[in-house]
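Have a look at the structure below, then the notes.
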Number of protein chains: 2
Amino acid sequence: MNQIIPTPSLKRLPMYYRELIRAIDSGIRYMNSSQLGKVLGIPSTQVRKDLSYVADQGRPGVGYNTRSLADTLENFLGLPQPKNAVLAGVGNLANALILFPGFRHYGIHILYLFDNDPGKIGQELAGRPIYDIHDMAEIIHEQHIPIGIISTPSAAAQQVADTMIEGGVKSIWNFAPITVHATRNVFVLNQDLTVEMAILSFSTLHSDE
Amino acid sequence: MNQIIPTPSLKRLPMYYRELIRAIDSGIRYMNSSQLGKVLGIPSTQVRKDLSYVADQGRPGVGYNTRSLADTLENFLGLPQPKNAVLAGVGNLANALILFPGFRHYGIHILYLFDNDPGKIGQELAGRPIYDIHDMAEIIHEQHIPIGIISTPSAAAQQVADTMIEGGVKSIWNFAPITVHATRNVFVLNQDLTVEMAILSFSTLHSDE
DNA sequence: TAGATTGTTAATCGATTAACAATC
DNA sequence: TAGATTGTTAATCGATTAACAATC
């Protein structure tokens, strides 16, 4: 997908960003790589290395200006650009996601909800109407929606993904416990909570005193 | 935490398990490393390497018996052992988690819910009473609960984690957007969805046609 | 047996980390 | 200036992958 920055580094950037915002909210104007690393459990060398992919903003002897580094990361991650999204599969998880305060802050706006259950189509959830999934590809296409979120049962997930891709999304966030594959060059983030659950299970039993 | 198996391999085991269960449900009795790798987007060499940490069950020329490999993985991950859990912070996410069908299958049972909101304490959610968070450490201790799930706002998360650790949990699954640290030797899984959101944002804007 | 696929060694690749000159 | 911290090079570490003898 990108060669700008190694994937492990990319995954840490949002954490730096998150902590910088927290620091700014506490009135902290400068942080150095050791402080930033400490709250995240990351060595300071790695913090500097990661940040070097993004910008060279640090002041030797001083550290990083929290506001300006946060801005740099924000722009690098594309958070200020509004990005519309559709969500397919209206259940409990969908409900939690829609009400999740994070989305707005990260520029992601869930505009349309879809389901295939006639009992749900036409109803509302959190003020958003639920549409027939058969209309999804068309709406994605017409409205140029770049993000698809899948919270259907796993049996439906791949087909729903195909429909989203057909409509023209650029990325998919899949919560169904299955690895969804993209035909075209679409970014797919498979977020299977049962995988984490299994690791939690293993770790609970191996947490050696 | 463990030297039995490298962390990246450990994280793939639940996916193999998941696909094996799916295969079994479809009546498939054998799968080889290429087939298993294909559905997950993983090279067959890596599949074999990963599985070699767990057992040597494959039959050259044939592949893996789905039932027996699934059993091996299940036991390795500790899924059959019942593991009780408490959850702190009763909001929308908590609601989705409690109703998530996956937990039971992975042997995790959310027994007690806690909150600090007097308006919620004494109420019920999905048939479970909501207790005062001030009683959490004591209940964890008395009932020997090994897992703590955090779905509080981030400002409360570290303190809630400390209380869980004080009570004696062995592992913590934290959904608050903050990196929680463990004092003792407790496994902490920080599941910050805003991190994924930021990566989704970046990837959406960099999905090069 | 011939064909297929495993388990594992060794080579490759890429990420992390130590060290330090540059610089505020 | 002296002290602190950056950005980056080079060394280390560990994971992925290619290759192949062992084996069903």
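Excluded from the calculations below are hydrogen atoms, water molecules and symmetry mates; all remaining heavy atoms, backbone and side chain alike, are included. Model, not experiment: these values are computed from the prediction. All chains are named by letter (A, B, ...) in the order of the sequence lines, taking the proteins before the strands, and each is independently numbered beginning at 1.
Scanning all heavy atoms of the two residues, the minimum distance from B/I178 to B/N190 falls at O-OD1, 3.4 Å. Scanning all heavy atoms of the two residues, the minimum distance from A/L77 to B/L205 falls at O-CD1, 4.4 Å. The minimum heavy-atom distance linking A/I130 with A/K120 is given by the pair CB-O, 3.5 Å.
Protein atom CG of A/L69 is 9 Å distant from nucleotide atom P of D/dG7, rounded to whole Å. Atom-to-atom, CD of A/Q57 to P of D/dG7 comes out at 9 Å; the value is rounded to the nearest Å. Here D/dT6 presents its C1' atom at 15 Å from CG of A/N65, a figure rounded to the nearest Å. Going from atom CG of B/N32 over to atom P of C/dT6 covers 5 Å, rounded to whole Å. The interatomic distance linking A/Q46 (CD) with D/dG7 (P) rounds to 15 Å, in whole Å. Atom OH of B/Y30 is separated from atom P of C/dT5 by 14 Å (rounded to the nearest Å). Between the P atom of C/dG7 and the CG atom of B/L51 lies a distance of 8 Å, rounded to the nearest Å. Distance CD1 (B/I5) to P (C/dG7): 14 Å, rounded to an integer number of Å.
Summarising the base pairing, D/dC24 is matched to C/dG3 through a Watson-Crick or G-U wobble pair whose two defining distances lie under 3.5 Å. Remark: D/dT17 base-pairs with C/dA10; criterion is Watson-Crick or G-U wobble with both hydrogen-bond distances under 3.5 Å.
A/D192 is not listed as a side-chain neighbour of B/M15, based on a closest heavy-atom distance of 4.5 Å or more.
Among the heavy atoms of the strands, none lies under 4.0 Å from A/S44.
Contact annotation: A/R12 side-chain N/O to C/dA15 OP1/OP2 distance is not under 4.0 Å. For A/S52, no side-chain nitrogen or oxygen approaches OP1 or OP2 of D/dG7 to under 4.0 Å. Between D/dA4 and A/Y64, no contact under 4.0 Å exists linking OP1 or OP2 to a side-chain N or O. Close to C/dT8, at under 4.0 Å from its OP1 or OP2, lies no side-chain N or O of B/Y53.
For A/K83 and B/S201, the side-chain atoms include at least one donor-acceptor pair closer than 3.5 Å. Between B/Q46 and B/D50, the side chains place no donor N or O within less than 3.5 Å of an acceptor N or O (distance only, hydrogens not considered).
Annotation: of the two residues near DNA chain C, A/P8 and B/S34, the 5′-most nearest-nucleotide partner is B/S34.
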Go along nucleotides 19-24 of chain D 5' to 3' and tag each nucleotide: B for a protein heavy atom under 4.0 Å from its base, S when only backbone or sugar atoms are that close, - otherwise. B---BB
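Note that CG of B/L125 is 10.0 Å distant from CD1 of B/I110, once rounded to the nearest 0.5 Å.
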